[in-house]
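Step one of this worksheet: look at the structure below.
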Amino acid sequence: MHPGHPTPGPAADVLVIGGGVIGLVTAWRAAQRGLRTALADPRPGGGAAQVAAGMLAAVTELHYGEETLLGLNLASADRYPRFVAELEEASGEDTGYRSCGTLAVALDADDRAHLRELHALQRRFGLESEWLSGRECRRLEPMLAPGVRGGLRVDGDHQIDPRRLARALVVACERAGVVFHRRWVERLSVVRDRAAGAVLAGGDEIPAGQVVLAAGTLSGRLEGVPAAVLPAVRPVKGQVLRLTVPPAYAPFLSRTVRAVVRGSHVYLVPRENGELVVGATSEELGWDTTVTAGGVYQLLRDAHELVPGITELPLTETGAGLRPGSPDNAPLLGPAELPGLLLATGHYRNGVLLTPVTGDVMAHTLVTGELPDEARAFTPRRFSTAQQEVSA
Ligand code: GLY
């Protein structure tokens, strides 16, 4: 077939570019709304979810200046139990969702001051979070270091296994009739100033009424998207370790434990199947996904300060992924400046948490042409030059 030649067969109403959890949930929800949906990705279910720890940390990852994002994070966290039940029913797959809560602890006076400030911020927003002494923290989690100075108990910040989540979404999409094109997308097709599908590696063209660009960090450099429309997402590398808790050591930790150690975030996420995920570095190094001795050392050193017993555990995997960072750390959702093109990218540290709400928001927008109220603040147009001139 000639490059650019339309592939025979029914055209899609929607083509989703990118098969990470964000692309998959968008495709699944769109297909459930009766839209003929296709998805292009060489390895659906891959992407950052293969590395992510899966913390659903709306409260413990609250940051100053991210109040608007907090609303979306909380909306998605609220939806998680129903979302998981529906997805597990639709796919027949277990997602590893665990409503275990989180303990954020402080190891020294600086960390303690930082946590106290976070606690004040959480309370200002009416979030559930309880201050505990070091002794109370260790009563909850006996493997914690004796030096822990205090902590925040957040019973509403849970976890899911992102690899299982991705697998369940692939199956749910297949069962809902999503057509998978397991190839790279070479470029967006634009016909008469409107997104009209995409050309795959090898030259086949997938025509579609609407196109959703949900390719994580790669969304920022898809050929064919006009420069002014390309989303400003950048890769932020995270190195992550996986250890295994042998049955004789269980329960090693009963909830997610995290801390800021000398300015770096470290978290330990214990799964029911014995996996213990330790993350994550945060590095602005372009597209590099090398696992480095320094990254592994930093994570093990900080995790060891928190939970000294981890040195006994088998280290089973190391990996690195790329978070799609946006200029304000919040996602870009909904219509782009090019008619027919929508974005679902820039989820940065919250891709797994924001999966349920993103699916709902994108399906609503694909069907109605309008972002729902809860997502208006996340329009990609907030970064467009015209918008900035109006607000100046
Ligand atoms: N949300 C965890 C991380 O981005 O490392």
Side-chain angles (χ1 to χ4, degrees), residues 20-22 47-66 69-70 72-74 76-77 80 96-98 100-105 114 118 122 127 152 154 156-163 165-166 216-217 233-243 253 255-271 275-285 288-289 291-292 294-296 298-300 302-303 306 317-331 345-358:
V21 290
I22 295 301
Q50 290 301 312
V51 179
M55 288 180 302
L56 307 175
V59 177
T60 39
E61 285 211 4
L62 175 63
H63 288 95
Y64 282 100
E66 294 184 4
L69 177 58
L70 172 67
L72 196 69
N73 285 345
L74 290 173
S76 208
Y80 241 104
Y97 178 71
R98 192 174 176 195
C100 58
T102 296
L103 186 63
V105 301
H114 168 84
L118 176 62
Q122 290 166 338
L127 303 171
L152 291 175
V154 178
D157 275 4
H158 303 311
Q159 58 149 305
I160 193 166
D161 183 336
R163 292 175 176 176
L165 169 66
T217 46
V233 287
R234 67 185 198 287
V236 183
K237 176 178 169 182
Q239 300 190 50
V240 175
L241 315 176
R242 282 173 163 80
L243 289 74
L253 294 174
R255 73 202 69 222
T256 297
V257 170
R258 55 183 303 153
V260 177
V261 182
R262 290 176 291 272
S264 304
H265 288 269
V266 64
Y267 44 79
L268 290 85
V269 184
R271 305 240 194 271
E275 184 175 81
L276 179 68
V277 185
V278 178
T281 64
S282 190
E283 304 161 76
E284 305 251 1
L285 293 172
D288 172 63
T289 52
V291 175
T292 62
V296 174
Q298 176 197 314
L299 291 172
L300 286 177
D302 295 351
L306 211 56
E317 195 184 317
T318 61
L322 299 173
R323 307 174 183 91
S326 76
D328 59 5
N329 299 339
T345 187
H347 290 69
Y348 190 38
R349 301 181 71 93
N350 297 304
V352 176
L353 170 61
L354 289 173
T355 296
V357 78
T358 299

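All residue numbers refer to positions in the sequence shown, counting from 1. Both backbone and side-chain heavy atoms feed into the values below; hydrogens, waters and symmetry mates do not. Just so it is clear, the structure is predicted and the values come from calculations on it, not from any experiment. Note that ligands are numbered from 1 as they come in the structure, with each ligand's atoms numbered from 1 the same way.
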### Query
Per the side-chain contact (heavy atoms from CB on, under 4.5 Å) rule, which among V277, V352, T355 passes with P162?
V352
State, to 0.1 Å, how close [X] and [Y] come at their nearest heavy-atom pair, and which atoms those are.
X: R255; Y: G101; value: CB-O, 3.3 Å
X: V240; Y: A280; value: CG2-CB, 4.0 Å
X: P331; Y: L69; value: CD-CD1, 3.8 Å

### Task
Could you label the plane-to-plane angle of the H63 and H265 rings as parallel, tilted or perpendicular, counting under 30° as parallel and over 60° as perpendicular?
perpendicular
### Message
Tell me every residue that passes side chain to side chain donor-acceptor pair (under 3.5 Å) with D157, counting only those two or more places apart in sequence or in another chain.
### Response
T60
### Task
Mind jotting down which protein residues get a heavy-atom contact under 4.0 Å with ligand 1? Chain and number order, please.
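Within 4.0 Å of ligand 1, protein side: M55, E61, Y267, A280, R323, R349.
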